[in-house]
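Please read through the structure below; I'll follow up with questions.
Chain identifiers are assigned alphabetically (A, B, ...) following the order of the sequence lines, protein sequences preceding nucleic acid strands; residue numbering begins at 1 within each chain. In what follows, every heavy atom counts, from backbone to side chain, and hydrogens, waters and symmetry copies are set aside.
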Number of protein chains: 2
Amino acid sequence: MTKKNNRSADIGVPRRNNTQRILNAAEKIFAAYGLAGARVDDIAQLCDLPKANILYYFGSKEGLYRATLERLLAVWLADADQWIVAEHSPRVGLEGYIRAKMLFSRRKPATSRLFMHELLAGGDCVREFLHTTLRDFVLNKAKVFAHWQEQGLFAPIDPAHFLFLLWSTTQAYADMQVQFAAVLGRKNLIAEDFEKGVETLMQLVDSVCVQKVNAD
Amino acid sequence: MTKKNNRSADIGVPRRNNTQRILNAAEKIFAAYGLAGARVDDIAQLCDLPKANILYYFGSKEGLYRATLERLLAVWLADADQWIVAEHSPRVGLEGYIRAKMLFSRRKPATSRLFMHELLAGGDCVREFLHTTLRDFVLNKAKVFAHWQEQGLFAPIDPAHFLFLLWSTTQAYADMQVQFAAVLGRKNLIAEDFEKGVETLMQLVDSVCVQKVNAD
DNA sequence: GTCTATACACAGATAGAC
DNA sequence: GTCTATCTGTGTATAGAC
């Protein structure tokens, strides 16, 4: 009834709008239960849209799942690449990267958990990403580490396993949040917990960032 | 038919035997898909037993799930407690703990993944464990750290977040195995990868283990 | 105790009114 | 394009033969 003769800005907007609402809800549900465990009904209820509407937009449950994963991978890449670069010192670059990853775990825990679910289920839907884009990312960052080492700014350390360590620790503040919060006697982690996490990790990472004192 | 008049050692054995077979299969399937995503049929197929048999032993899918979790928690505790003790130096104790956790990720990846699944789903079935047993464990280990620090053997570091770091890095070699292997250009991680992981982590952990040189 | 056959509920997908 | 009503396959659980 109120569909025609509206302002032109509205054309196509409801669909884009709904698509985002659905993806946000789907991410939460898939993050908790994975592809096999999630119910389309639950997603529909969470974004307050009819189930048929969702399937109309995305074709099937798996189609919706793949769409949430694609959005995730795009974000993963966009966020990752600005800190670990030759222009930064190891100390500055690694702290920036760790803070960015930790902030992501705090702000978008569902995104991190969705990725973990996909890995636990075997990673079939991200296999290509892992073997190409992510592998290249690691090889690329290994060059930055090597550069730092040539400059005498960074201790010799295996680049891949060092990145594994950064990923696992920062993402754990999303994936294992329930466990960490319970240990700290809380229901959910608070800002200070994430800050403490950054500081503790930086305390260890600092030891491989060589302080240039007097090199001659 | 062959049930009676067998050797006395066999009495009750088939049931115990089957129970273990079922739990092993259930752990694998639940580790990949979680409670909601797992199919009892798949578990039955994996352990080559009729589905009804499984439900007869454990009452329901959730009953079986809780049983696998209980076995998991028992193992978690049994393995954890021998290394981080005041009798060991930080260097020896922490390396022993890290090697034990890493070996566990290598030998029993499904166990680690099952626990991760439970956490992702909200941890309802382990909430009590997290808030009591695990919390006590951390408080207890914090005392060991404090002792080491009084002896001048260990740098000041937040005990809880330090343990979070050890857990997340070691368990990631099970939970994120698909990702790590892909980055390393393999299908599965091999023994050397786990060894490299231990060494990389120890390289960082070493920096908080104060080498007693000349203290006077 | 063990297993086959089946009841029942539920979830993904679709047909068709609006 | 949107949503209600429904079809159909699948999965948990159980009844009942052996």
Side-chain angles (χ1 to χ4, degrees), chain A residues 1-23 25-30 32-69 117 121 125, chain B residues 1-23 25-30 32-69 117 121 125:
Chain A
M1 316 297 194
T2 60
K3 196 150 347 129
K4 290 218 292 200
N5 294 5
N6 263 349
R7 294 204 249 119
S8 61
D10 287 356
I11 290 173
V13 167
R15 179 170 189 141
R16 278 199 67 79
N17 220 359
N18 281 348
T19 301
Q20 287 305 314
R21 271 176 61 196
I22 294 167
L23 283 173
E27 190 172 70
K28 286 209 184 81
I29 299 295
F30 284 133
Y33 305 111
L35 169 59
R39 305 285 134 90
V40 178
D41 253 333
D42 294 342
I43 296 169
Q45 219 171 327
L46 190 61
C47 64
D48 199 35
L49 248 53
K51 181 168 67 164
N53 199 323
I54 292 173
L55 291 166
Y56 171 71
Y57 283 139
F58 294 95
S60 68
K61 178 166 97 158
E62 189 174 331
L64 173 57
Y65 178 73
R66 288 182 180 273
T68 62
L69 272 184
H117 254 295
C125 299
Chain B
M1 308 345 188
T2 59
K3 198 148 348 124
K4 289 213 300 197
N5 293 6
N6 263 350
R7 294 201 249 123
S8 61
D10 287 354
I11 290 173
V13 166
R15 180 171 188 138
R16 279 198 66 82
N17 219 0
N18 282 347
T19 301
Q20 288 304 315
R21 269 175 63 195
I22 294 167
L23 283 172
E27 191 171 69
K28 285 208 184 81
I29 299 294
F30 284 133
Y33 305 110
L35 170 59
R39 309 285 141 84
V40 178
D41 253 334
D42 295 342
I43 296 169
Q45 218 171 327
L46 189 61
C47 64
D48 198 37
L49 246 53
K51 183 167 65 162
N53 199 323
I54 293 173
L55 291 166
Y56 170 72
Y57 283 139
F58 293 95
S60 67
K61 179 166 94 159
E62 188 174 332
L64 173 57
Y65 179 72
R66 288 182 180 274
T68 62
L69 272 183
H117 253 295
C125 299

Length of the CD1-C1' vector between Ile22(A) and dC3(D), whole Å: 13 Å
d(CZ, Arg21(B); P, dT2(C)) in whole Å: 11 Å
Side chain of Ser60(A) - closest among dT2(C), dA13(C), dT4(D): dA13(C)
Neighbour count >12 (heavy atoms, 6.0 Å) for atom CD, Gln20(B): yes
Gap between atoms CG and P, on Leu55(B) and dA15(D) respectively (whole Å): 13 Å
Below 4.0 Å: OP1/OP2 of dT2(C) and any side-chain N or O of Tyr57(B): yes
Ala52(A) side chain, from C-beta outward: closest of dG12(C), dT2(C), dT14(C): dT14(C)
Interatomic distance, Asp41(A) CG vs dG12(C) P [rounded to whole Å]: 7 Å
Nearest heavy-atom neighbours spanning Leu35(A) and Lys61(A): O-NZ, 3.0 Å
Sugar-phosphate, base or nothing in reach of Ala38(B), heavy atoms under 4.0 Å: sugar-phosphate
Options dG12(C), dC3(C), dT2(D), nucleotide nearest the side-chain atoms of Lys61(A): dG12(C)
Atom-pair distance (CD1 on Ile29(A); P on dG12(C)), nearest Å: 11 Å
Sugar-phosphate only, base, or nothing, as touched by Ala36(A) at under 4.0 Å among non-hydrogen atoms: nothing
OH-CZ distance between Tyr57(B) and Arg21(B), expressed to the nearest 0.5 angstrom: 9.5 Å
Distance in angstrom units between Asp48(A) CG and dC3(D) C1', rounded: 13 Å
Atom pair CD1 (Ile54(A)) and OG (Ser60(A)), whose distance is rounded to the nearest 0.5 Å: 12.0 Å
Side-chain donor/acceptor contact of Lys51(A) with base of dG12(C) under 3.5 Å: yes
Length of the line joining Asn53(A):CG and dG1(D):C1', which is rounded to integer Å: 9 Å
Worked check of side-chain contact (heavy atoms from CB on, under 4.5 Å) between Phe58(B) and Leu23(B): CA-CA 10 Å; Phe58(B) 293 95; Leu23(B) 283 172; 4.0 Å; yes
Phosphate contact (dC3(C) OP1 or OP2) by Tyr56(B) side-chain N/O below 4.0 Å: no
Candidates dG11(D), dT4(D), dG12(C) - which lies nearest the side chain of Arg39(B): dG11(D)
Rounded distance in Å - CD1 (Ile43(A)) to P (dC10(C)): 19 Å
